A.B. asks: 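Structure in structure tokens, see below.
Predicted model only: the values in this text are computed from it and were never measured.
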Amino acid sequence: MVYVLGFVVAEVDQDAIDAFQAGPAATYAISRLTALEGEYPFYVNDSDWRPEAGTIFVELTASKMRSKLRYGGIWRVREDGSVPIKPGADGKPRNLILCDELLDIDGWRLPKQEQSELSRLSGAYLTKHGLWDATKVEDDGSLIEMPLVEFLIKAAV
């Protein structure tokens, strides 16, 4: 399944980085990690959400609330995709969702023009549905989490 995942970027906490470097990082090629230029190939999850291995995300990120969502790449959840880490400050259990960056989805690439259109549609969708309201944003900063086809249908209406 291919999902759109739109969220406000937060600083990755040191516990998550330490947990990644203590084990999962060794399963990534150094060249792949270097190419990410300081980003990490995982999401920190503090909910019951456990995407299946092979799940693909088209990522859209915003640097702060109400800023434009920008295309952040295509990511696929790894076979060993869920790694428990130290609970958060609130005591909730957390895990890392490990991913690999993809250039395409089965040969389908998103050219720059389509990336821009997806960003535009996401902003319009969030505005239309009042989802920029901080009270409606998930605790983890998520703004959009839905199958890509469903999102495209809802955003186009």
A.B. asks: Are any non-hydrogen side-chain atoms of Val44 and Leu96 less than 4.5 angstrom apart?
C.D. replies: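 When only atoms from C-beta onward are counted, Leu96 and Val44 do touch, with a gap below 4.5 Å.
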
A.B. asks: Taking atom CD of Gln14 as the centre, does the number of heavy atoms from other residues, nucleotides or ligands within less than 6.0 Å exceed 12?
C.D. replies: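 Counting neighbours around CD of Gln14, more than 12 heavy atoms of other residues, nucleotides or ligands fall under 6.0 Å, so yes.
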
A.B. asks: Is the shortest heavy-atom distance from the side chain of Phe42 to the side chain of Cys99 under 4.5 Å?
C.D. replies: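 No. Closest side-chain heavy atoms not under 4.5 Å.
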
A.B. asks: For Leu98 and Asp80, which heavy atoms make the closest approach, and how far apart are they?
C.D. replies: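 That would be CD1-O, 3.4 Å.
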
A.B. asks: Could you check Arg78 against Tyr28 for side chain to side chain contact (heavy atoms under 4.5 Å, CB included), going step by step and ending with a plain yes or no?
C.D. replies: CA-CA 11 Å; Arg78 291 180 139 206; Tyr28 287 85; 3.3 Å; yes

A.B. asks: For residues 147-157, tabulate all N or O donor-acceptor pairs below 3.5 Å that involve a side-chain atom, not counting sequence neighbours.
C.D. replies:
| from | atom 1 | to | atom 2 | distance (Å) |
| --- | --- | --- | --- | --- |
| Glu150 | OE2 | Lys154 | NZ | 2.9 |

A.B. asks: How about Pro51 and Tyr3: do any of their side-chain heavy atoms sit closer than 4.5 Å?
C.D. replies: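 They are not in contact (no side-chain heavy atoms under 4.5 Å apart), so the answer is no.
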
A.B. asks: Please examine the side chains of Leu60 and Leu5, heavy atoms only from C-beta on, and report whether any two atoms are closer than 4.5 Å.
C.D. replies: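 They are not in side-chain contact.
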
A.B. asks: For the residue pair Glu59 / Tyr43, report whether a side-chain donor-acceptor contact shorter than 3.5 Å exists.
C.D. replies: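 Yes, a side-chain donor-acceptor pair sits under 3.5 Å.
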
A.B. asks: Would you say Arg32 has more than 12 foreign heavy atoms packed within less than 6.0 Å of its CZ?
C.D. replies: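 Result for CZ/Arg32: open.
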
A.B. asks: Return the minimal non-hydrogen interatomic distance between Tyr71 and Ser119, and the atom names on each side.
C.D. replies: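 Distance-wise, the nearest heavy atoms are N-OG, 3.6 Å.
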
A.B. asks: Flag the pair Phe7 / Leu143 as yes when at least one side-chain heavy-atom distance between them is below 4.5 Å, and no otherwise.
C.D. replies: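 No, their side chains stay 4.5 Å or more apart.
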
A.B. asks: Is there a path from Leu121 to Trp108 through hydrophobic residues (I, L, V, M, F, W, Y) whose side chains come within less than 4.5 Å of each other?
C.D. replies: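 Yes, because Leu121 and Trp108 connect within a single hydrophobic cluster, where side-chain heavy atoms sit under 4.5 Å apart.
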
A.B. asks: Under a single-linkage rule joining Ile, Leu, Val, Met, Phe, Trp and Tyr whose side-chain heavy atoms are separated by less than 4.5 Å, which residues share a cluster with Ile30?
C.D. replies: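 Ile30 shares its hydrophobic cluster with no other residue.
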
A.B. asks: Using 30° and 60° as the class boundaries, would you call the ring planes of Tyr40 and Phe20 parallel, tilted or perpendicular?
C.D. replies: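 The rings of Tyr40 and Phe20 stand perpendicular, inter-plane angle above 60°.
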
A.B. asks: Set out, in order, the CA-CA distance, both residues' side-chain angles and the distance that settles side chain to side chain contact (heavy atoms under 4.5 Å, CB included) for Leu36 and Glu101, then state yes or no.
C.D. replies: CA-CA 9 Å; Leu36 294 174; Glu101 188 170 24; 3.4 Å; yes

A.B. asks: Leu126 and Leu69: side chain to side chain contact (heavy atoms under 4.5 Å, CB included), yes or no, with the steps?
C.D. replies: CA-CA 10 Å; Leu126 292 171; Leu69 284 168; 3.4 Å; yes

A.B. asks: Please tabulate, one pair per line, all N/O donor-acceptor pairs under 3.5 Å involving side-chain atoms of residues 81-90, not counting sequence neighbours.
C.D. replies:
| from | atom 1 | to | atom 2 | distance (Å) |
| --- | --- | --- | --- | --- |
| Ser82 | OG | Asn95 | ND2 | 2.5 |
| Asp90 | OD1 | Lys92 | N | 3.0 |

A.B. asks: Mind checking whether Ile56 and Val77 have side chains closer than 4.5 Å, heavy atoms only?
C.D. replies: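 Not touching, per the 4.5 Å side-chain cut-off.
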
A.B. asks: Assess whether side chain to side chain contact (heavy atoms under 4.5 Å, CB included) is satisfied between Asn45 and Arg94, documenting all intermediate values.
C.D. replies: CA-CA 5 Å; Asn45 175 35; Arg94 301 183 313 153; over 6 Å; no

A.B. asks: For Pro24, does its backbone N or O pair with a side-chain atom of Thr27 as donor and acceptor, under 3.5 Å?
C.D. replies: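 Judged by distance alone, yes, a pair lies under 3.5 Å.
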
